[in-house]
Amino acid sequence: MPLESQYESDIAAILSHRYDNGGDLWTTPDKRLLKGAPFSTLESVLYLLELGMEPAEPLLKEAAELFFSTWQKDGRFKLYPQGSIYPCQTIHAANVLCHMGYASDARLQTTFQHLLEIQYTDGGWRCNKFSFGRGPETEYSNPFPTLTALNSFRFSDYLNKEPALDKAVDFLLEHWTIRMPIGPCHYGIGTLFMQVEYPFRNYNLFVYVYVLSFYNRAKHDKRFLEALEALESKMAGEQIVVERVVPKLSGLAFCKKGEPSLLGTKRYHEILRNLGGK
């Protein structure tokens, strides 16, 4: 397992939570794959990938099988044993599996088609769940699930070929202008959004710029370039400095609050590569 030695303790710390929720692989006995943040199955797999663990490792192959065990024939993923299946759940499952190298799997191809079929009129994705009540703002899609969907689609043959994805990009660029909390889950662009959060867990400036940098529709847009400039203004010595991290991850070396992150900076360099060296 070709991991840099300074992250071995981080790997061990993440693995130490493997049975916290009562089941194996960070899940519950009844396979609630999103439960237990920040050490849910979904998040823990993404951390391990970020730290350099190869998808071919037996542990991650087992995790992939766990996710696929929740896949439905219509393309959705049922990440909770009971209750409705919301689009955000399918989007998050697709995203982690794409990061694990399964974008060309026939099941995910069905999922991609499903997501395109349920895309909302404004270009994003939303759930018919109104935890904050209803108002004009809830008529919008949810920005973070939309961004996560684009994070999935960037691994596919749809990237920069599918007009529906351009529409999703436009929706997210418009949110840079709107700023206010929108969508049924009230995602806004305010103080917390503008703090650089790493690893990528929530809707924030860093992951917003990172994902959009893969899409030609965004690369030369004034709003995207403003967001990129805002991100770069927070860097120190050309390195990404972590401004916000969930407290339970504060002990991990790769994402120390207030310190430069080598792996975060590698993601920034990926942004630059996507932009042709800027």
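Below, all heavy atoms of this structure are taken into account, side chains as well, without hydrogens, waters or symmetry copies. These figures come from a predicted structure and were not determined experimentally.
- Of the residues listed (Val245, Leu249, Leu263), the one engaging Phe254 in a side-chain contact (heavy atoms from CB on, under 4.5 Å) is Leu263, and it is the only one.
- Proximity of a side-chain donor or acceptor of Lys78 to a complementary backbone N or O of Gly83 within less than 3.5 Å is detected.
- In summary, of the residues considered (Leu231, Asn204, Asn274), a side-chain contact (heavy atoms from CB on, under 4.5 Å) with Val209 occurs for Leu231 alone.
- For the pair Cys127 and Asn142, the tightest heavy-atom approach, listed with the atom from each and the gap, is N-ND2, 4.1 Å.
- Proximity of a side-chain donor or acceptor of Thr90 to a complementary backbone N or O of Phe77 within less than 3.5 Å is detected.
- Between Phe39 and Tyr47, the angle of the ring planes goes over 60°, which puts this pair in the perpendicular group of the 30/60° scheme.
- Without hydrogens or angle criteria, Gln109 side chain to Ala103 main chain gives a donor-acceptor distance under 3.5 Å.
- With hydrophobic clusters built from ILVMFWY side chains whose heavy atoms lie under 4.5 angstrom apart, Val196 does not share a cluster with Val241.
- No side-chain heavy atom of Leu51 sits under 4.5 Å from any side-chain heavy atom of Leu252.
- Annotation: cation-pi geometry satisfied between Arg107 and Phe68 (NZ/CZ under 6.0 angstrom from ring centroid, within 45° of ring axis).
- Under the 3.5 Å distance criterion, the side-chain polar atoms of His114 are left unmatched by any main-chain donor or acceptor of Thr110.
- For the pair Ile271/Leu228, a side-chain contact is recorded, criterion being any heavy-atom separation below 4.5 Å from C-beta on.
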*Could you go through the side-chain contact (heavy atoms from CB on, under 4.5 Å) check for Leu272 and Glu232 one step at a time?*
CA-CA 11 Å; Leu272 296 186; Glu232 292 178 331; 4.1 Å; yes

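- The shortest non-hydrogen separation linking Arg217 to Asp166 is CB-OD1, 3.5 Å.
- In terms of heavy-atom proximity, Glu139 sits nearest to Arg126 at CA-NH2, 3.9 Å.
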*Mind running side-chain contact (heavy atoms from CB on, under 4.5 Å) on Thr138 and His186 for me, showing each step along the way?*
CA-CA 7 Å; Thr138 61; His186 281 197; 4.0 Å; yes

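- At least one donor-acceptor pair closer than 3.5 Å links the side chain of Lys167 to the backbone N or O of Thr121.
- One side chain, Trp71 or Thr111, offers a donor N or O that lies under 3.5 Å from an acceptor on the other.
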*Apply side-chain contact (heavy atoms from CB on, under 4.5 Å) to the pair Gln89 and Arg76, showing each step before the final yes or no.*
CA-CA 8 Å; Gln89 297 167 1; Arg76 297 179 300 164; over 6 Å; no

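- You'll find the side chain of Phe67 reaches within 4.5 Å of the side chain of Thr41, heavy atoms only.
- Not a single donor-acceptor pair under 3.5 Å links the side chain of Glu57 to the backbone N or O of Leu59.
- Side-chain atoms of Tyr210 and Glu270 form a donor-acceptor pair, as typed in the model, at a separation below 3.5 Å.
- Checking side-chain atoms of Thr265 against main-chain N and O of Ile240 turns up a donor-acceptor pair under 3.5 Å.
- Both Phe214 and Met100 are assigned to one and the same hydrophobic cluster, defined by single-linkage of ILVMFWY side chains at heavy-atom distances under 4.5 Å.
- Hydrophobic clustering, with ILVMFWY side chains joined whenever heavy atoms are under 4.5 angstrom apart, groups Met194 together with Phe224.
- At least one donor-acceptor pair closer than 3.5 Å links the side chain of Asn160 to the backbone N or O of Asn216.
- Side-chain atoms of Tyr268 and Gln239 include no donor-acceptor pair closer than 3.5 Å.
- Other residues, nucleotides and ligands contribute more than 12 heavy atoms inside 6.0 Å of the NZ atom of Lys234.
- Phe155 has its side chain out of reach of Ser104: every pair of non-hydrogen atoms, C-beta onward, lies at least 4.5 Å apart.
- One hydrophobic cluster holds both Leu108 and Leu159 under the rule that ILVMFWY side chains link at heavy-atom gaps under 4.5 Å.
- Of all heavy-atom pairs spanning Val242 and Lys256, the tightest one is CB-O, 3.5 Å.
- Val45 and Tyr19 are not part of a single hydrophobic cluster, where members link through side-chain heavy atoms under 4.5 Å apart.
- Counting heavy atoms of neighbouring residues, nucleotides and ligands inside a 6.0 Å radius, atom OH of Tyr140 does not exceed 12 of them.
- Between Leu205 and Glu197 the shortest side-chain heavy-atom distance does not fall below 4.5 Å.
- Using modelled atom types, one finds no donor on one side chain facing an acceptor on the other under 3.5 Å when comparing Tyr7 with Glu50.
- You'll find the side chain of Tyr158 reaches within 4.5 Å of the side chain of Leu116, heavy atoms only.
- Of the candidates Tyr203, Tyr187, Tyr208, His175 forms a side-chain hydrogen bond (donor to acceptor under 3.5 Å, both in side chains) with just one, namely Tyr203.
- Here the shortest heavy-atom pairing between Gly264 and Ser261 reads N-OG, 2.9 Å.
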*Just do the side-chain contact (heavy atoms from CB on, under 4.5 Å) check on Trp125 and Tyr86 with the steps written out, would you?*
CA-CA 10 Å; Trp125 283 269; Tyr86 292 110; over 6 Å; no

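- Residue-environment remark: CG (Asp157) stays at or below the threshold of 12 foreign heavy atoms within 6.0 Å.
- Residues Cys98 and Phe153 are not in side-chain contact: their nearest non-hydrogen atoms beyond the backbone lie 4.5 Å or more apart.
- Under a 3.5 Å cut-off, the side chain of Thr70 and the backbone N or O of Leu79 do not form any donor-acceptor pair.
- No donor-acceptor pair closer than 3.5 Å links the side chain of Asn151 to the backbone N or O of Val211.
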